[in-house]
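Right, one structure below, let's go through it.
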Amino acid sequence: MPLRIDILTTFPEMFSAESPAALGVSIPARARKAGVLEVVATDIRGFSTDKHRKTDDRPFGGGPGMVMMCQPLFDAVKHVEGLDPRPARRVLLTPQGKTLTQQMVEELAKQERLLLIAGHYEGLDERVIEELAPLEVSIGDYVLSGGELAAMVLIDAVTRLLPGALGDAESAHVESFCGEQRLLDHPHYTKPREWMGRQVPDVLLSGDHAKIEAWRQAQRVERTKARRPDLIG
Ligand code: 9D3
């Protein structure tokens with residue numbers, strides 16, 4: 001069975017595989033074609049009972065922006081969950097969430113079904129968050145205009161962990177990042193040996209694979225210390 005990812009959004013067209021979007025190219029596109037990933041976007045607006053298909057309203061207590069109402073979102077969740085008998089892990093993309101890490105991505109990739117909730121609004125009515133009790137996830141400390149791109153980031157990160165999603169070349173070479181090694185990558189070089197007066201480091205042309213591996217490992221440590229000391233602690 002493929003991993004089924006549902007997204008609830010008021011902009012379902014952002015998740016189309018045909019549009020020039022993240023899910024129509026590269027690993028997510030291949031995963032969908034290989035049948036290991038199924039992505040279904042559902043418009044929350046379709047569950048509005050309002051004559052203008054309204055899904056949000058002004059905040060009690062005043063203030064800027066609009067608040068997603070409980071009912072359309074709750075009904076959309078119940079409907080979408082009923083489309084497949086497998087229970088879905090509910091995930092709300094929100095600036096208030098825990099920052100997405102590779103460890104969280106690995107956990108999410110083990111699920112059979114994910115239900116992502118994304119939106120263009122100031123926030124959800126707190127009561128529907130309490131009722132749905134989703135995992136609340138942010139992708140970092142910067143302001144997006146909505147949760148949809150954050151949902152796509154999550155889908156992309158999860159997809160490349162699905163068995164069968166990577167091509168032979170990519171899976172043959174196991175990557176070293178946070179998940180396992182918590183070090184940045186070493187620098188890479190290809191032809192030509194000299195470009196605009198810049199040389200490829202001699203060690204990489206030496207043919208001594210033990211020496212090359214030692215140099216790369218030293219580069220990983222060096223770059224991590226310089227650029228991401230927080231990864232070392
Ligand atoms: C008064 C503060 N609001 C505007 C600055 C809060 C706010 C609400 C909704 C800010 C952004 C958004 C839309 N963003 C998301 O839904 C979102 C998000 C993000 O903005 N950054 C990182 N991760 C995420 S996950 C969802």
Side-chain angles (χ1 to χ4, degrees), residues 3-16 19 21-24 26-28 37 39-48 53-77 80-81 88-111 113-161 177-179 227-228 230-231:
L3 168 65
R4 173 172 175 148
I5 304 182
D6 286 279
I7 306 106
L8 291 175
T9 170
T10 50
F11 291 90
E13 65 277 12
M14 284 180 74
F15 295 88
S16 144
S19 69
L23 306 180
S26 186
I27 292 165
L37 174 71
V39 179
V40 182
T42 299
D43 192 349
I44 300 167
R45 220 174 272 288
F47 298 86
S48 173
R53 302 219 306 156
K54 222 161 66 99
T55 57
D56 54 12
D57 211 330
R58 296 183 334 199
F60 280 127
M66 298 291 272
V67 176
M68 172 68 67
M69 297 185 293
C70 293
Q71 175 271 316
L73 178 61
F74 187 74
D75 290 355
V77 168
V80 162
E81 287 185 348
R89 189 85 166 86
R90 298 171 180 164
V91 180
L92 171 63
L93 285 310
T94 166
Q96 274 73 53
K98 285 214 178 86
T99 308
L100 186 68
T101 61
Q102 190 64 19
Q103 193 186 325
M104 290 162 69
V105 170
E106 285 167 16
E107 279 308 308
L108 294 171
K110 289 178 193 160
Q111 308 294 316
R113 261 197 97 179
L114 299 175
L115 172 50
L116 310 183
I117 303 166
H120 273 70
Y121 33 70
E122 199 55 35
L124 303 182
D125 186 311
E126 191 67 18
R127 296 167 295 182
V128 75
I129 303 177
E130 289 169 6
E131 186 61 35
L132 295 172
L135 176 67
E136 296 182 59
V137 174
S138 160
I139 61 163
D141 294 335
Y142 38 82
V143 181
L144 300 173
S145 52
E148 286 82 2
L149 285 171
M152 271 187 249
V153 166
L154 189 156
I155 294 168
D156 187 272
V158 165
T159 298
R160 51 182 303 293
L161 298 183
F177 194 58
C178 299
R227 301 178 188 196
R228 293 293 308 277
D230 59 296
L231 291 180

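In each ligand, atom 1 is the first atom listed, and ligand 1 is the first ligand listed. Remember, it's a predicted structure, so these values are computed and weren't measured experimentally.
Other residues, nucleotides and ligands place more than 12 heavy atoms under 6.0 Å from the CG atom of D230. Within a 6.0 Å radius of NZ in K54, more than 12 heavy atoms belonging to other residues, nucleotides or ligands are found.
Within ligand 1, the atoms closer than 4.0 Å to a non-hydrogen atom of L93 are 25 (S), 26 (C), numbered from 1 in the order shown. The ligand atoms of ligand 1 that sit less than 4.0 angstrom from a heavy atom of G140 are 21 (N), 22 (C). Close approach of ligand 1 to V137 (heavy-atom distance below 4.0 Å) involves ligand atoms 25 (S).
Looking at L93, V137, V91 one by one, the single match for side-chain contact (heavy atoms from CB on, under 4.5 Å) with L100 turns out to be V137.
For atom 21 (N) of ligand 1, the closest heavy atom belonging to the protein is Y142 O, 2.8 Å. The single protein non-hydrogen atom nearest to atom 2 (C) of ligand 1 is E122 OE2, 3.4 Å, given as residue, atom name and distance. Closest to atom 5 (C) of ligand 1, if we only count protein heavy atoms, is V143 CG1, 4.0 Å. The protein non-hydrogen atom at the shortest distance from atom 11 (C) of ligand 1 is L144 O, 3.4 Å. In this structure, atom 16 (O) of ligand 1 lies nearest to the protein heavy atom G147 N, 3.3 Å. Of the protein's non-hydrogen atoms, the one nearest atom 25 (S) of ligand 1 is T94 N, 3.4 Å. Shortest contact from atom 17 (C) of ligand 1 to any protein heavy atom: P95 CD, 3.6 Å. Of all protein heavy atoms, the one closest to atom 23 (N) of ligand 1 is I139 N, 3.0 Å.
Using a 4.0 Å cut-off between heavy atoms, A150 contacts ligand 1 through its side chain alone, with no backbone atom that close.
Q96 and T94 form a side-chain donor-acceptor contact under 3.5 Å, judged by distance and modelled atom types alone.
Ion pairing of R90 with E81 is present here, as a side-chain N (NZ or NE/NH1/NH2) and a carboxylate O approach within less than 4.0 Å.
V77 places none of its side-chain heavy atoms less than 4.5 Å from the side chain of V128. By the 4.5 Å heavy-atom criterion applied to side chains, R113 and R89 are not counted as neighbours.
Within the structure, the closest approach of D141 to ligand 1 does not fall below 4.0 Å when heavy atoms are considered.
Considering CZ of F15 and CD1 of I5, their distance stands at 10.0 Å, rounded to 0.5 Å.
Judged purely by atom type and a 3.5 angstrom limit, E122 has no side-chain atom pairing as donor or acceptor with the backbone of R58.
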